[in-house]
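Working notes for the structure below.
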Amino acid sequence: MTPTLEQLMDAPSPASAWVLAQDCAESGLDPQAVQDSMRGRIREMRSSIERGLASDAKSITGMVGWNAKGLHDAPDVLNAPLLKRVQAYAMAVNEENARMGRIVAAPTAGSAGTIPGALIGVADHLGLDDERLVMPMVLAAGVGQAISRQMFISGAAGGCQAEIGSSAAMAAAAVTELLGGSPRACIHAASLALMNTIGLVCDPVGGFVEVPCVSRNAFFAVHAVSAAQLALAGLESFIPPDEVVTATAQVGRMMPLELRETAEGGLAQTPTGLRVTAAMEGREG
């Protein structure tokens, strides 16, 4: 049975080892096989980052494609290399997705940049090799499973809070473990990340996972790192983690259909959004 967030919080340290043991006991898989699978996902994530940073080719619709490379190549005006790296990595993955490139849905294609942006971005900033990311990735998967017990991880089902919120929670937990955080700190980081996405609508222009999705991944990759930093400093979510998931699920059910990936509300219904949609559909006149 998939554990709850609070069970993960009370797990022996490191939380990822407990997640791995529980998963293998239930599935019958060999722990080494699961870790090898995660290594493969990390390689794919890194590959999508590298391809995304090297390309300024437009997406199918032409709305995105140059953002990640543009940021990566631009001067670091804030002298904040971690911030810039995390944002560029996240956008690189999502622009690869928009170009129909190979990415790892984590947990969805629309939120695919958040985990690699945050986790690989932090690791590269600190000079940590990819082997150090394997078990934090296991924990991220465990957090995603725990969230999915109580709500659908889908923008169509619960708004972007369900997609980018879940990915931010998964990334926050992973970054916290990478930096030596306890299971309790990891899960509170996940809770802090998720609770601060509640109410976020899913409003892709034209129904394509490009605007605002690409930049949204950049913002929420940083959001995940911020949550990790808060939790590592001992800050905790006042609302218990599983109650945060329940609240997110309730808000998702309350959202009108127009705000759940239908392109019938939000940015998709602005004059520019409507004009771009009409052009893509050949209805300029």
Glu163 side chain to Gly155 main-chain N or O, any donor-acceptor pair under 3.5 Å?
-> yes
Glu6 CD to Ile187 CD1 distance, which is reported to the nearest 0.5 Å = 10.0 Å
Donor-acceptor pairs under 3.5 Å, side chain of residues 19-28 to any protein atom, not counting sequence neighbours: which ones?
{"residue": "Glu26", "atom": "OE1", "partner": "Met1", "partner atom": "N", "Å": "2.8"}
{"residue": "Ser27", "atom": "OG", "partner": "Asp23", "partner atom": "O", "Å": "2.8"}
{"residue": "Ser27", "atom": "OG", "partner": "Leu29", "partner atom": "N", "Å": "3.2"}

With a 4.5 Å limit on heavy-atom distance, are the side chains of Ile60 and Phe208 in contact?
-> no
In short, Leu82 meets Gly121 closest at the heavy-atom pair CD1-O, 4.0 Å
Look up atom NE2 in His125 and atom CD1 in Ile120, then write down how far apart they are to the nearest 0.5 Å.
-> 15.5 Å
Are Leu53 and Leu83 connected, step by step, through hydrophobic side chains (Ile, Leu, Val, Met, Phe, Trp, Tyr) whose heavy atoms are closer than 4.5 Å?
-> yes
Check: Met91 main-chain N/O paired with Asn217 side-chain donor or acceptor under 3.5 Å = no
Any donor-acceptor pair under 3.5 Å from Glu177 side chain to Ala174 backbone = no
May I ask you to decide whether Arg39 forms a salt bridge with Asp130, counting only side-chain N to carboxylate O separations under 4.0 Å?
-> no
Can you list the steps and then say if Thr246 with Gln150 is a side-chain hydrogen bond (donor to acceptor under 3.5 Å, both in side chains)?
-> CA-CA 6 Å; Thr246 300; Gln150 299 187 57; 2.6 Å; yes
Apply side chain to side chain contact (heavy atoms under 4.5 Å, CB included) to the pair Cys186 and Leu139, showing each step before the final yes or no.
-> CA-CA 9 Å; Cys186 290; Leu139 177 57; 3.8 Å; yes
Ile164 backbone acceptor or donor facing Ser167 side chain under 3.5 Å = yes
Tell me whether Val34 is reachable from Met135 by hopping between hydrophobic residues (I, L, V, M, F, W, Y) whose side-chain heavy atoms are closer than 4.5 Å.
-> yes
How many angstroms lie between atom CG of Leu274 and atom CG of Leu267, to the nearest 0.5 angstrom?
-> 11.0 Å
About how many Å separate CD of Gln161 and CZ of Phe220, when rounded to the nearest 0.5 Å?
-> 10.5 Å
If you count the non-hydrogen atoms of other residues, nucleotides and ligands that lie under 6.0 Å from CZ in Arg149, is the total more than 12?
-> yes
Could you tell me whether the side chains of Arg51 and Ser47 share a donor-acceptor contact shorter than 3.5 Å?
-> yes
Is there a donor-acceptor pair under 3.5 Å between the side chain of His72 and the backbone N or O of Ala88?
-> no
Side-chain donor or acceptor of Arg41 paired with backbone N/O of Val104 under 3.5 Å | no
Stepwise, does the side chain to side chain contact (heavy atoms under 4.5 Å, CB included) test hold for Met151 with Thr248?
-> CA-CA 8 Å; Met151 71 181 201; Thr248 307; 3.8 Å; yes
Do you know which two heavy atoms are closest between Ala228 and Ala172, and how far apart they sit?
-> CB-O, 3.9 Å
Kindly say whether Pro240 contributes a backbone atom to a donor-acceptor pair with the side chain of Ser237 at under 3.5 angstrom?
-> no
Determine yes or no for a side-chain-to-main-chain donor-acceptor pair under 3.5 angstrom, with Lys69 supplying the side chain and Ala57 the backbone.
-> no
Do Asn97 side-chain atoms and Val93 backbone N/O form a donor-acceptor pair below 3.5 Å?
-> no
Could you tell me which non-hydrogen atom of Gln269 sits nearest to which non-hydrogen atom of Gly265, and how far apart they are?
-> CG-N, 3.4 Å
For Pro107 and Ser166, which heavy atoms make the closest approach, and how far apart are they?
-> CG-CB, 4.3 Å
Can Asp203 and Arg216 be counted as an ion pair, charged N to O under 4.0 angstrom?
-> yes
May I ask you to test the Pro12-Trp18 pair for a side-chain heavy-atom distance under 4.5 Å?
-> yes
According to a 4.5 Å side-chain heavy-atom criterion applied to Ile, Leu, Val, Met, Phe, Trp and Tyr, with indirect links allowed, do Leu257 and Val251 form part of one hydrophobic cluster?
-> no
If Ile, Leu, Val, Met, Phe, Trp and Tyr residues are connected whenever their side-chain heavy atoms lie under 4.5 Å apart, and connections chain through other members, are Val214 and Ile115 in the same group?
-> no
So do the side chains of Met9 and Asp242 get within less than 4.5 Å of each other, counting heavy atoms only?
-> no
With no hydrogens and no angle check, is any side-chain donor or acceptor of His223 less than 3.5 Å from a backbone partner on Ala193?
-> yes
Report the distance from atom CG of Leu5 to atom CG of Leu194, rounding to the nearest 0.5 Å.
-> 8.0 Å
Pairwise side-chain contact, Val209 with Thr108, heavy-atom cut-off 4.5 Å (strictly under) | no
Side chain to side chain contact (heavy atoms under 4.5 Å, CB included) evaluation trace for Thr61 with Glu210 | CA-CA 9 Å; Thr61 68; Glu210 298 185 20; 2.5 Å; yes
Could you tell me which non-hydrogen atom of Thr4 sits nearest to which non-hydrogen atom of Ala146, and how far apart they are?
-> C-CB, 4.1 Å
Hey, any chance Val134 and Ile49 share a hydrophobic cluster, counting ILVMFWY side chains that come within less than 4.5 Å of each other, even indirectly?
-> yes
Apply the test salt bridge (charged side-chain N to carboxylate O under 4.0 Å, His left out) to residues Arg102 and Glu96: give CA-CA distance (whole Å), side-chain angles for both, the deciding distance (0.1 Å), then the verdict.
-> CA-CA 7 Å; Arg102 185 180 175 92; Glu96 273 299 287; over 6 Å; no
Taking the side chain as C-beta and beyond, is there a heavy-atom pair between Leu71 and Gln87 under 4.5 Å?
-> yes
Any Glu236 side-chain heavy atom under 4.5 Å of Arg184 side chain | yes
Non-hydrogen atoms of Ile153 and Ser148 that approach each other most closely | CD1-CB, 3.8 Å
Please indicate whether Gln229 has more than 12 foreign heavy atoms, meaning atoms of other residues, nucleotides or ligands, lying under 6.0 Å from its CD.
-> no
Rounded distance (nearest 0.5 Å) linking atom CG of Leu119 with atom OG1 of Thr114 | 12.0 Å
For residues Arg46 and Pro116, determine if any side-chain heavy atom of one lies less than 4.5 Å from a side-chain heavy atom of the other.
-> no
Do the side-chain N and O atoms of Glu95 and Ser59 include a donor-acceptor pair separated by under 3.5 angstrom?
-> no
